[in-house]
Amino acid sequence: MTSPALIAHPLERKLEDRAIKRARVLEILDAAARDSVLLTSHTTLSWYLDGSRIGISLAGDPIAALLVTHDGDHLVTFNNEAQRLIAEEIPAGVTVHEIPWHGSLSDVASWLGPGIFPATESELATPLRLARRSLLPGELSRYELLCRDSATILTDVLSQATPQTTERQIAAALAERVVAAGADPLVLLTSGASRAAFRHPLPTDSALGRRAMAVVCARRDGMIANVTRWVRFDDGTSAERDAEARIANVESDIFDATVPGASIAHVFSEIQAAYPRHGFGPDQWQLHHQGGPAGYAGRDPRATVAVADTIALNQPFTWNPSGPGVKIEDTVLLSSEGIRPLSVDHRWPTTKVNGIDRPITLQR
């Protein structure tokens, strides 16, 4: 194990946000009467380190952990990762400790010494989640750009699609553009007309046919944008167009319920009531998750009647109501003026629903 190194390279644009985040975590520690906490998840690490990439495999665990104490921030990582993280990822003011590639990130005593008994992240999960719910100015700037990029990518790809294009070709084109934009393609879903009934359609070799859905969940700077779009190669049926309008009205009711101080559980109860109100079966909410707060996790957390978290200004959301053959999904921000969609490409056709521009199916 090597001696710790104090990081001192220029990431000044993040220092103000990081100071606020550190103060929030120290307040959580004081409230819990704990002297330290070990952050171990992708979600919390990327939030606290202001977007630093602390993973290798998209399916793997972080390759670092971070101990927050009143005396400072201590990051531990493996000896084959440390120099790259120091050079490219870790902000100033973080002390880095190296351990062997086969060592333990959670055994604090082995790299910092005895006498430290940190809280686990899971012990403080709720206050940590609440601490990151409202985006700071630097975060919002980066997130809004990611959301716009994700919407632009979907427009670019679906504008070139044909009925003969396969689902995998759509997914490959989306992945190429997401990676070129400096983001990770965490989720890419595509369904052609023959598979429109599936809520999570992993792409296959099937041709799109007369209509298709595509979904992108892209991560950059630690934050995740979630966007769904539909394309159609004919005029559609009256039943399709009616269902598309009704699911947009369900979403509008959800937006109306998403206000500062309301609980996620309250919004979820409004979701349950919105489906039958707009002509869908009362069981529709049981057939797919409905979304929830967004940001450093795809949903942070998924909304249920058990989530008591309250809603704050400058908090992002991705609600995704769906019905048979229909779904609507954008990443939005609760601003002081109300709901503001972030995943916007002005080339995509929209219609106003309760005063907010919402995407409609692209007619090709």
Item to check | Salt bridge flag under 4.0 Å for residues Asp330 and Arg229 | outcome: yes
Checklist entry - Between Asp50 and Arg18, is there a side-chain N and carboxylate O pair less than 4.0 Å apart? => result no
Checklist entry - Take atom CG in Asp256; do more than 12 heavy atoms of anything else shown fall under 6.0 Å from it? => result yes
Checklist entry - Is Arg22 close enough and on-axis enough to Tyr48, meaning under 6.0 Å and within 45°, for cation-pi? => result no
Checklist entry - Between Gln83 and Glu98, does any side-chain donor sit less than 3.5 Å from a side-chain acceptor? => result yes
Checklist entry - Yes or no on side chain to side chain donor-acceptor pair (under 3.5 Å) for Thr162 and Thr165, after CA distance, side-chain angles and deciding distance? => result CA-CA 5 Å; Thr162 72; Thr165 306; 3.2 Å; yes
Item to check | Heavy-atom pair of closest approach, residues Gly291 and Asn320 | outcome: CA-OD1, 3.2 Å
Checklist entry - Are any of the side-chain nitrogens in Glu139 or Lys21 under 4.0 Å away from the carboxylate oxygens of its partner? => result yes
Checklist entry - Between Val326 and Ile247, which heavy-atom pair has the shortest distance, and what is it? => result CG2-CB, 4.1 Å
Checklist outcome for this item: Taking every heavy atom of Pro260 against every heavy atom of Leu313, the minimum-distance pair comes out as CG-CD2, 3.7 Å
Next on the checklist: Grouping I, L, V, M, F, W and Y whenever their side-chain heavy atoms are under 4.5 Å apart, do Leu189 and Trp348 come out in a common cluster?
Outcome noted: no
Next on the checklist: Could you check whether any side-chain heavy atom of Leu38 comes within less than 4.5 Å of a side-chain heavy atom of Glu121, counting everything from C-beta outward?
Outcome noted: no
Checklist entry - Within a strict 4.5 Å, meaning less than it, do heavy atoms of the Val37 and Ile28 side chains meet? => result no
Next on the checklist: Under the criterion salt bridge (charged side-chain N to carboxylate O under 4.0 Å, His left out), I'd like the reasoning laid out for Arg53 against Asp221: C-alpha separation, chi angles, the key distance, then a yes or no.
Outcome noted: CA-CA 7 Å; Arg53 296 176 298 176; Asp221 298 313; over 6 Å; no
Item to check | Parallel, tilted or perpendicular: rings of His97 and His74 (30°, 60°) | outcome: tilted
Checklist entry - Between Thr228, Leu208, Thr190, Leu158, which is the residue that forms a side chain to side chain contact (heavy atoms under 4.5 Å, CB included) with Met213? => result Thr228
Item to check | Linked, directly or transitively: Ile254 and Leu342 (ILVMFWY side chains, under 4.5 Å) | outcome: no
Checklist entry - Is Leu136 reachable from Val68 through a run of hydrophobic residues whose side-chain heavy atoms are each under 4.5 Å from the next? => result no
Checklist entry - Are Trp111 and Ser104 close enough that a side-chain donor and a side-chain acceptor fall under 3.5 Å? => result no
Checklist entry - What is the minimum heavy-atom distance between Ala64 and Leu105, and which atoms define it? => result N-CD1, 3.7 Å
Item to check | Ion pair check, Arg211 and Glu244, cut-off under 4.0 Å | outcome: yes
Item to check | Geometric cation-pi criterion, Arg132 with Tyr296: 6.0 Å, 45° | outcome: no
Next on the checklist: Applying salt bridge (charged side-chain N to carboxylate O under 4.0 Å, His left out) to Arg133 and Asp309, what does each step give before you reach the verdict?
Outcome noted: CA-CA 10 Å; Arg133 63 184 162 170; Asp309 298 12; over 6 Å; no
Checklist entry - Around atom CZ of Arg302, are there more than 12 heavy atoms of other residues, nucleotides or ligands at under 6.0 Å? => result no
Checklist entry - Will you find, in the side chains of Glu167 and Thr204, an N or O donor that is under 3.5 Å from an N or O acceptor? => result yes
Checklist entry - Would Asp184 and Arg220 pass as an ion pair if we require N to O under 4.0 Å? => result no
Checklist entry - Any idea which heavy atoms bring Trp319 and Ala303 closest together, and the distance? => result CZ3-CB, 3.7 Å
Checklist entry - Just one of Arg246, Lys327, Arg358, His278 clears the side-chain hydrogen bond (donor to acceptor under 3.5 Å, both in side chains) bar with Glu251, so which one? => result Arg358
Checklist entry - Closest heavy-atom contact between Cys147 and Ala225? => result SG-CB, 3.7 Å
